[in-house]
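To keep things clear, I will list the structure first and then write my remarks on it.
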Amino acid sequence: MNKDLISGFDLERKDINAIFDLTGRLKKKKDNTMLKGKVVGLVFQKPSMRTRVSFEIGARQLGAHCMYLAPQDIHLGKREPVKDVARVLSRYLDAIVARTFSHEHIIELASYGDMSVINGLSDLYHPCQALADIYTLYERTGTFKGLKFTFVGDGNNVVNSLAAIAAKVGLDFTVATPKGYEPDKDIWRQALKIARETKARLVHTYDVNNAVKAADVIYTDVWTSMGQEKEHKKRLKAFKKFQVTMDMFKHASKGCYFMHCMPVHRGEEVTNEVVESKHSIVFDQAENRLHVQKAVMALLLQGKSK
Ligand code: CP
Ligand code: NVA
């Protein structure tokens with residue numbers, strides 16, 4: 001595996017297999033020695049519940065120490081240059097989990113520091129989320145082939161990451177967005193290139209009805225991501241026809257799952273009824289963040305000395 005996990009594109013198919021294998025093993029049997037003596041720092045510029053708690057608990061369960069550095073502690077990129085933060089923290093820490101506004105900050109931390117950098121969400125990617133989501137689907141179905149995974153909503157950081165991992169594992173991935181809210185063009189192009197090799201079918205459409213037809217998964221995320229709060233009103237209008245409702249499941253395949261990275265804004269991107277329905281596996285996704293990230297940390301750090 002590479003030194004860092006910045007996006008799903010950093011992972012080879014064999015790395016994803018190794019992550020999923022170890023996730024399964026760690027879920028069955030705890031091991032509190034794998035990262036004994038390692039120190040993981042969480043450098044966060046945005047709020048978080050799942051990412052913060054699952055990384056902190058995960059690191060501790062593997063025997064590592066973990067410390068949370070809040071936005072006001074570091075003032076990343078404001079109090080001192082990111083490249084200085086990287087070079088200082090790499091003298092103390094074995095890994096940083098970083099949650100930033102600008103994706104460039106994650107790249108800078110990784111290129112100036114010799115510790116591993118794990119992207120805990122940036123404006124472009126949320127790779128740990130996508131890994132946990134696709135693991136959750138695999139856990140349920142035992143396969144990536146022959147499934148239609150549909151995302152409805154904003155072509156945001158979660159979509160970019162799902163596209164990268166879906167392409168790598170050969171999972172068919174359809175994204176329905178309103179005009180003006182497509183996934184990042186370069187990332188989508190990169191994912192399409194990989195999908196050609198793995199035979200994953202990646203489709204972007206503006207037609208939400210067609211996108212959910214025969215879907216095995218309907219996934220959505222918030223319409224207004226962290227940092228976009230000023231656009232909230234405009235986005236509510238733009239996404240109105242993209243709310244996930246129970247009606248969509250009538251056109252989806254039987255047993256279609258509902259997925260969401262959470263936090264959920266009930267009444268916006270999805271109705272309360274869907275979140276609470278038998279289709280919903282959102283809490284399994286949230287739980288699997290813990291198990292998948294433990295595997296990621298173990299594979300990145302185990303056996304490496306500073
Ligand atoms: N899904 C997710 O990353 O949640 P948090 O923002 O609470 O970490
Ligand atoms: N797209 C959302 C994901 C939150 C986990 C955001 O960036 O705010």
Side-chain angles (χ1 to χ4, degrees), residues 5-8 40-59 66 68-71 76 96-106 118-137 151-165 175-178 180-184 187-188 217 219-232 234-236 238-239 242-244 258-266 268-270 275 280-294 296-297:
L5 174 54
I6 293 179
S7 83
V40 177
L42 307 186
V43 176
F44 279 35
Q45 285 188 304
K46 291 172 176 169
S48 170
M49 179 173 78
R50 278 146 290 270
T51 309
R52 176 184 173 176
V53 177
S54 56
F55 267 109
E56 276 202 45
I57 298 300
C66 189
Y68 174 70
L69 296 152
L76 195 69
I96 287 182
V97 180
R99 169 166 286 202
T100 62
F101 287 96
S102 157
H103 186 66
E104 284 307 310
H105 284 166
I106 305 242
I118 300 173
N119 183 350
L121 182 147
S122 66
D123 55 354
L124 277 189
Y125 293 107
H126 197 2
C128 300
Q129 181 68 54
L131 279 171
D133 297 335
I134 291 181
Y135 177 81
T136 305
L137 180 65
F151 183 97
V152 174
D154 186 19
N156 62 16
N157 44 7
V158 170
V159 172
N160 293 337
S161 288
L162 286 169
I165 311 271
V175 180
T177 70
Y181 296 93
E182 300 82 2
D184 181 273
I187 295 172
W188 191 254
V217 175
Y219 192 125
T220 192
D221 182 15
V222 293
W223 292 340
T224 306
S225 284
M226 290 179 277
Q228 299 172 332
E229 289 77 7
K230 280 198 189 125
E231 299 172 30
H232 185 60
K234 184 177 129 203
R235 284 173 170 268
L236 281 182
F239 286 99
F242 287 77
Q243 185 185 62
V244 175
F258 170 69
M259 297 180 89
H260 194 305
C261 55
M262 305 182 90
V264 177
H265 294 166
R266 288 165 165 85
E268 288 189 20
E269 72 274 7
V270 61
V275 182
S280 176
I281 53 171
V282 299
F283 297 107
D284 289 347
Q285 289 173 256
E287 179 187 333
N288 280 334
R289 293 290 305 277
L290 170 69
H291 307 298
V292 165
Q293 290 160 192
K294 280 170 73 174
V296 167
M297 286 189 283

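We count ligands from 1, going down the list as the structure has it; atoms in each ligand are counted the same way.
- Inclusion of S225 in the set of residues having an N or O under 3.5 Å from an N or O of ligand 2 is warranted.
- Close approach of ligand 1 to R289 (heavy-atom distance below 4.0 Å) involves ligand atoms 1 (N), 2 (C), 3 (O).
- Checked against a 3.5 angstrom limit, the closest N/O atoms of C261 and ligand 1 fall inside it.
- With T51 as reference, R289 is the one residue of Q129, E56, R289 to meet the side chain to side chain donor-acceptor pair (under 3.5 Å) rule.
- The CD1 atom of I134 lies 9.0 Å from the OH atom of Y219; values are rounded to the nearest 0.5 Å.
- Ranking protein heavy atoms by distance to atom 6 (O) of ligand 1, first place goes to R99 NH1, 2.8 Å.
- Shortest contact from atom 5 (C) of ligand 2 to any protein heavy atom: M262 O, 3.7 Å.
- When the options L121, N156, N157, T51 are ranked by their closest heavy atom to atom 4 (C) of ligand 2, first place goes to L121.
- In this structure, the protein non-hydrogen atom closest to atom 8 (O) of ligand 2 is M226 N, 2.8 Å.
- In this structure, P47 and M226 have side chains that are in contact, with non-hydrogen atoms separated by less than 4.5 Å.
- With respect to atom 4 (O) of ligand 1, the closest heavy atom belonging to the protein is R50 NE, 2.8 Å.
- Using a 4.0 Å heavy-atom cutoff, H126 is listed among the residues neighbouring ligand 1.
- Ranking protein heavy atoms by distance to atom 3 (C) of ligand 2, first place goes to D221 OD2, 3.6 Å.
- Under the 4.5 Å side-chain criterion, counting only non-hydrogen atoms from C-beta, D221 is not in contact with V159.
- Judged by the 6.0 Å distance and 45° axis criteria, R52 is positioned over the aromatic ring of Y68.
- Looking only at side-chain heavy atoms (C-beta outward), F55 and V40 stay at 4.5 Å or farther from each other.
- In terms of heavy-atom proximity, N119 sits nearest to C128 at O-SG, 3.7 Å.
- Closest protein heavy atom to atom 7 (O) of ligand 1: M49 N, 2.7 Å.
- Annotation: M262 places an N or O atom under 3.5 Å from an N or O atom of ligand 1; distance criterion only.
- Every side-chain hydrogen bond (donor to acceptor under 3.5 Å, both in side chains) that E269 has, sequence neighbours left out, goes to H260.
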